[in-house]
Amino acid sequence: MLAQTTFHPEAATGAETAAEAPAPLEPFVARYTVTNGGRSLGEATLQLVRQAPRWRVDLTMSGTGLFRLAGINAEQSTLFEDLGETYRPLSQATVRKTLFTRKKTVGTYDWGSRSARWTGDVKDERRDPVALQDGDMSGLLINLAVIRDAVPGRTLRYRYVDNGRVREHTYAVAEELEPISVGELRYNAMRVSRVEDANAQGDETVIWVASGVPTPIRMLQREDGEDTYDLRLTEYQGVQ
């Protein structure tokens with residue numbers, strides 16, 4: 001159930017607040033608007049669910065109007081363990097829906113054999129087992145890790161293992177905080193940009209996070225220099 005309180009915390013006022021020890025994971029439900037070049041595409045929900053002793057993080061995107069038919073509808077979920085220094089994925093699933101199609105992939109992270117494998121609607125070249133290393137995370141877990149680890153001026157490095165792919169992800173946290181307005185809310189947020197590499201193929205990811213807020217304030221995805229999805233937080237709630 002949703003808790004009675006809806007949290008709208010005050011923005012961080014300086015870099016010293018961002019340097020505090022990261023808060024422990026707490027369940028939440030966050031809602032976003034989804035736009036592209038100023039056009040409204042739909043809505044998204046990001047939630048963190050406690051399934052003791054494990055956790056699950058879900059991202060659901062729903063298109064509105066014609067964009068519902070165009071295929072913005074997608075669901076992602078990762079079941080994981082919180083090991084303190086890292087979030088260890090156990091399973092991952094993605095469902096993408098259009099008017100006439102429904103594609104689903106399921107990934108299993110077997111830490112006993114230290115390998116991961118994806119089944120379902122996966123390209124042939126991504127069906128082979130992937131060797132796991134300590135610290136490997138899915139895309140959704142990297143978003144949570146960025147919130148946990150971001151400090152102005154810091155460089156963050158993660159190994160992305162998701163959907164049969166392995167990539168080294170490097171993020172640069174801006175030196176200065178920048179004001180971001182989300183509806184009537186204002187935050188001094190850290191801009192965290194993924195550094196391009198040889199495998200990025202023109203993709204760019206930028207995440208804005210604020211001290212004391214357990215979910216991204218904004219998530220921007222670009223491809224070949226053009227915005228694809230721009231998710232902006234409208235509200236978040238604690239969950240009991």
Side-chain angles (χ1 to χ4, degrees), residues 2-3 5-23 25-48 57-64 67 72 76 139-156 158 169-196 200 203-223 225-239:
L2 291 180
T5 304
T6 299
F7 298 99
H8 297 308
E10 294 298 325
T13 57
E16 70 278 359
T17 57
E20 295 174 357
L25 288 176
E26 294 289 345
F28 66 83
V29 175
R31 294 179 176 85
Y32 296 81
T33 58
V34 184
T35 62
N36 179 308
R39 297 176 300 166
S40 177
L41 301 184
E43 299 176 344
T45 300
L46 179 66
Q47 67 173 357
L48 181 62
V57 57
D58 308 316
L59 176 63
T60 303
M61 297 176 62
S62 300
T64 56
F67 295 105
I72 191 177
Q76 291 180 290
L140 288 179
L141 293 187
I142 288 177
N143 286 347
L144 292 179
V146 166
I147 296 169
R148 178 195 63 197
D149 300 336
V151 171
R154 176 178 289 179
T155 298
L156 311 176
Y158 309 103
H169 279 193
T170 301
Y171 290 83
V173 187
E175 294 278 355
E176 302 293 332
L177 302 179
E178 61 182 80
I180 285 189
S181 295
V182 182
E184 297 180 355
L185 306 179
R186 290 183 61 82
Y187 300 92
N188 283 335
M190 291 174 280
R191 180 188 180 110
V192 187
S193 303
R194 194 176 128 206
V195 178
E196 289 265 354
D203 294 350
E204 182 182 2
T205 301
V206 185
I207 304 171
W208 284 263
V209 300
S211 178
V213 182
T215 188
I217 304 298
R218 180 184 175 192
M219 294 179 281
L220 175 63
Q221 183 71 39
R222 291 193 181 110
E223 293 181 5
E226 303 228 350
D227 293 358
T228 51
Y229 295 122
D230 189 352
L231 281 68
R232 294 177 183 248
L233 181 67
T234 57
E235 68 168 344
Y236 73 93
Q237 299 174 309
V239 177

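None of these values were measured; they are calculated from a predicted model.
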- [ ] May I ask you to test the Ile147-Pro214 pair for a side-chain heavy-atom distance under 4.5 Å?
- [x] no
Open item on the list: In the structure I gave you, are the side-chain heavy atoms of Leu220 and Trp208 within less than 4.5 Å of one another anywhere?
Closed with: yes
TODO: Report the residues that fulfil side chain to side chain donor-acceptor pair (under 3.5 Å) with Asn143, sequence neighbours left out, ordered by chain and then residue number.
DONE: none
Open item on the list: Suppose we screen for side chain to side chain contact (heavy atoms under 4.5 Å, CB included). Which residues come up paired with Ser181, at least two apart in sequence or across chains?
Closed with: Arg186
Open item on the list: Tell me the closest heavy-atom pair linking Asp149 and Arg154, and the distance in Å.
Closed with: O-NH1, 2.9 Å
Open item on the list: For the CZ atom of Arg31 and the CG atom of Leu231, what is their distance to the nearest 0.5 Å?
Closed with: 14.0 Å
Task: Non-neighbouring partners of Tyr171 that pass side chain to side chain donor-acceptor pair (under 3.5 Å), sequence neighbours left out - done: none
Task: Beyond-backbone contact of Arg194 with His169, side-chain heavy atoms, under 4.5 angstrom - done: yes
Open item on the list: Can you tell me how far apart CD (Gln76) and CE (Met61) are? Round to the nearest 0.5 Å.
Closed with: 9.0 Å
Task: Straight-line distance of Leu141 CG to Arg148 CZ, nearest 0.5 Å - done: 9.5 Å
Open item on the list: Measuring only between side-chain heavy atoms, which start at C-beta, is Thr215 closer than 4.5 Å to Val213?
Closed with: yes
Open item on the list: Can you give me the closest heavy-atom contact between Tyr32 and Pro216, atom names plus distance?
Closed with: OH-O, 2.7 Å
Open item on the list: Using the salt bridge (Lys or Arg N to Asp or Glu O under 4.0 Å) criterion, which residues pair with Arg191? Sequence neighbours excluded.
Closed with: none
Task: Leu46 side chain reached by Tyr236 side chain, heavy atoms, under 4.5 Å - done: no
Open item on the list: If you compare all heavy atoms of Val192 against all heavy atoms of Ala150, which two are closest, and at what distance to 0.1 Å?
Closed with: CG2-CB, 4.2 Å
Task: Leu48 side, atom CG; Glu26 side, atom CD - distance, nearest 0.5 Å - done: 9.0 Å
Open item on the list: Side chains of Thr170 and Thr155, heavy atoms from C-beta outward: is any pair under 4.5 Å?
Closed with: yes
- [ ] Using the test side chain to side chain donor-acceptor pair (under 3.5 Å), find all partners of Gln47 that sit at least two apart in sequence or belong to another chain.
- [x] Asp58
Open item on the list: Just verifying a value: how many Å separate Thr35 OG1 and Leu41 CG, rounded to the nearest 0.5 Å?
Closed with: 6.5 Å
Task: side-chain contact (heavy atoms from CB on, under 4.5 Å) between Val151 and Val173, worked out - done: CA-CA 7 Å; Val151 171; Val173 187; 5.9 Å; no
Task: Residue pair Asn188 / Pro179: nearest heavy atoms and the distance that separates them - done: OD1-CA, 3.9 Å
